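Because the structure is a prediction, the values reported are computed rather than measured.
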Amino acid sequence: MAAANKGRRPSPGSQGYPGRALAVIVIALVALTGGMFLSGNTTPRLGIDLAGGVSITLTAKADQGNAVTKSNMNTAVSIINRRVNGLGVSEAEVQTQGSNNIIVNIPKGTNAAQAEQQVGTTAQLAFRQVLTAADGNPATAAPKPSASPSASGGTTPKPSGTPSATGTPKATGSTTSSPQGRAVTDALKSSVNKAPTPTPTATPSNPATKPGTGTADLSIPADLQAKLDKLDCTDPTQRTAASKNTKPGDKVVACGQQGNQWIKYALGPTLIDGKRVSGASANFDSQQGNGWVVNLTFDSKGASQFTKVTGDLASQAQPNNQFAIDLDGNVVSAPSVSQALPGGSAQISGSFTQKSAEDLANVLKYGSLPLAFSIQDTTTVSPALGGEQLRGGLIAGAVGLVLVVLYMFAYYRGLSLVALASLVVSGALTYTIMCLLGEAIGFALNLPAVCGAIVAIGITADSFIVFFERIRDELREGRSLQPAVARGWPRARRTILVSDFVSFLAAAVLFTVTVGKVQGFAFTLGLTTVLDVVVVFLFTKPLMTILARRPFFAQGHRWSGLDPKALGVKAPLRRSVRHNRPTETKEA
């Protein structure tokens with residue numbers, strides 16, 4: 001009968017392979033520490049209340065018919081907050097001041113110039129038909145006929161699941177335009193056709209059907225032509241003024257650039273509003289060699305509009321078969337279209353760096369501001385709390401940690417070493433992850449977040465206490481240490497998981513329904529709660545399993561915290577054995 005027991009599977013409370021679990025957490029800790037040093041982020045990024053930062057004052061003004069109202073200001077605050085705060089843990093603060101100002105406070109370590117660009121950019125994106133194009137550089141006394149400045153790096157509309165294509169308008173000379181597109185798929189085909197020289201009353205040579213309507217009005221009004229002739233795209237002031245106070249239904253002039261060359265355009269009314277863009281992401285296009293690109297996806301309405309617009313434009317001649325991607329008055333690209341493009345996606349390519357592509361995708365993803373903003377002031381903010389207050393908070397945390405350790409040592413003796421080692425591992429994991437998250441998601445450690453980390457010390461210590469008490473209960477029933485650890489763990493595990501789940505749920509609710517500094521507290525509390533589960537499962541329990549085999553703990557040394565006399569251990573459990581005694585025969 002004893003041999004039959006050898007083939008049984010270990011019970012849920014069996015010892016398992018503690019060495020493997022310890023190896024996993026050691027490898028994870030080494031990898032995180034190595035990543036921290038390799039990235040150069042050896043200290044957590046501090047919040048604005050601990051390290052100061054940059055304060056940007058934005059002044060609102062009406063834009064495209066939208067008045068400066070409380071509703072529009074609140075909408076702008078929400079959009080700007082998403083731009084600079086991402087997941088809500090960068091500790092950036094966005095709030096209104098008065099009726100037309102917004103104050104943006106960004107923690108130290110943020111690129112101030114980049115922040116200014118993100119918070120103040122309206123990102124009005126529109127897809128417009130090209131009426132004509134010309135050289136955007138200032139006219140010279142003797143322009144060379146062979147000059148061929150090219151427009152800004154292409155945008156690639158593409159159907160879902162197909163390769164991308166890039167269109168690059170080019171102009172020849174200072175007055176005559178010859179837009180063309182370089183295609184890498186059949187969706188956008190290149191063509192080189194001379195367009196008529198634009199004059200104050202010139203119209204394109206091929207009137208065509210306007211997308212979605214009857215006959216298109218592709219004429220260029222005299223005032224628009226005059227504005228186009230005077231436009232010098234090398235002058236930033238003129239570029240900004242060209243798109244000022246324009247409406248979606250207006251014909252406009254705009255500039256585009258590639259390298260040092262400028263092209264100026266006369267564009268028709270908006271065919272697709274940029275608000276139809278449902279998503280944007282920055283990616284590296286290694287297949288087509290376009291470098292960093294920004295991929296756009298349209299919503300259902302925008303996708304159907306995109307298919308119809310490209311179908312209508314495909315039947316027209318140069319330059320009217322081109323559509324411009326107009327971003328805040330800047331033509332990012334103007335590719336030609338040869339056939340309708342089904343699906344709802346497009347790709348903006350050009351001379352992007354990774355950072356510029358990510359910034360553009362971020363602005364487009366979080367939407368257009370309902371109002372135009374000018375940067376009134378940019379100042380450096382000193383820490384609100386200062387180094388003295390930070391040191392005070394850290395001292396408070398250290399005192400709390402020492403008190404927990406002293407209590408554990410007084411009550412659990414040798415077992416307190418297990419708890420202390422687990423706290424060290426948990427603290428190391430928390431620190432390295434916070435350092436890495438500062439670069440990855442912009443996490444900033446402010447004072448409430450420090451409080452969350454201090455509260456987590458108690459949560460972690462509570463898990464050890466639950467486990468140790470379960471082991472002691474098993475010892476009081478008369479079991480030896482190894483079976484006590486094996487039987488006590490499943491019961492302690494359930495209690496630990498329920499307790500940590502409640503803490504994590506509270507942190508998740510706080511993070512969801514609050515804003516600002518409270519989110520930092522909630523994020524830190526949730527992170528440390530998850531790490532508590534990891535440490536208890538992969539470090540504390542395996543370490544306790546290994547120590548249970550050592551005589552110091554197994555034999556219940558008086559300093560081990562498992563002394564049978566101190567615990568009031570009962571006599572060992574024994575099975576009762578019946579002996580069959582022979583029956584004595586009584587004589588009659």
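S560 and R413 make their closest contact through C-CB, 4.0 Å (heavy atoms, listed as atom of the first residue, atom of the second, distance). Among all heavy-atom pairs drawn from R476 and D473, the shortest one is NH1-OD1, 3.1 Å. Looking at every heavy atom in both residues, S422 comes nearest to F539 through OG-CD2, 3.5 Å. In this structure, P18 and R549 approach most closely via the heavy-atom pair CG-NH2, 4.0 Å.
Atom CG of N41 and atom OG1 of T43 lie 7.5 Å apart (nearest 0.5 Å). We find the CD-CG distance between Q519 and N446 to be 10.5 Å, quoted to the nearest 0.5 Å. Interatomic distance, F468 CZ to T540 OG1, rounded to the nearest 0.5 Å: 7.0 Å. A distance of 6.0 Å separates CG of L475 from CG of L562, quoted to the nearest 0.5 Å. Taking CG from N330 and CD1 from I325, the interatomic distance works out to 11.5 Å, rounded to the nearest 0.5 Å. Between C435 atom SG and L445 atom CG the span is 9.5 Å, to the nearest 0.5 Å.
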Exercise for review: Show your reasoning for whether side chain to side chain contact (heavy atoms under 4.5 Å, CB included) applies to M408 and L415.
Suggested key: CA-CA 8 Å; M408 297 284 287; L415 288 179; over 6 Å; no
Exercise for review: Apply side chain to side chain contact (heavy atoms under 4.5 Å, CB included) to F523 and I441, showing your working.
Suggested key: CA-CA 12 Å; F523 183 85; I441 63 173; 4.1 Å; yes
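Considering only heavy atoms from C-beta on, F464 comes within 4.5 Å of L423 through its side chain. Here the side chains of M544 and I471 are in contact, with some heavy-atom distance below 4.5 Å. A 4.5 Å side-chain heavy-atom check between E474 and W489 finds every atom pair outside the cut-off. Side-chain atoms of L58 and I80, non-hydrogen and from C-beta on, do get closer than 4.5 Å to each other. Looking only at side-chain heavy atoms (C-beta outward), F443 and L436 stay at 4.5 Å or farther from each other. Using a 4.5 Å heavy-atom cutoff, the side chains of W292 and D285 are not in contact. Residues F467 and D462 are not in side-chain contact: their nearest non-hydrogen atoms beyond the backbone lie 4.5 Å or more apart.
Annotation for F552: atom CZ counts as buried by contact number, over 12 foreign heavy atoms lying within 6.0 Å.
Here the side chain of R472 pairs a donor or acceptor atom with the backbone of G561 at under 3.5 angstrom.
Judged purely by distance below 3.5 Å, without hydrogens or angles, the side chains of T297 and S278 pair a donor atom with an acceptor atom.
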Please report, to 0.1 Å, the donor-acceptor pairs under 3.5 Å made by any side chain of residues 527-537, with sequence neighbours excluded.
{"residue": "T528", "atom": "OG1", "partner": "T524", "partner atom": "O", "Å": "2.9"}
{"residue": "T528", "atom": "OG1", "partner": "L525", "partner atom": "O", "Å": "3.0"}
{"residue": "T529", "atom": "OG1", "partner": "L525", "partner atom": "O", "Å": "2.7"}
{"residue": "D532", "atom": "OD1", "partner": "S463", "partner atom": "OG", "Å": "3.4"}
{"residue": "D532", "atom": "OD2", "partner": "S463", "partner atom": "OG", "Å": "2.7"}

Listed pairs under 3.5 Å, donor-acceptor, residues 494-509 side chains, sequence neighbours left out:
{"residue": "T495", "atom": "OG1", "partner": "R491", "partner atom": "O", "Å": "3.3"}
{"residue": "S503", "atom": "OG", "partner": "S499", "partner atom": "O", "Å": "3.3"}

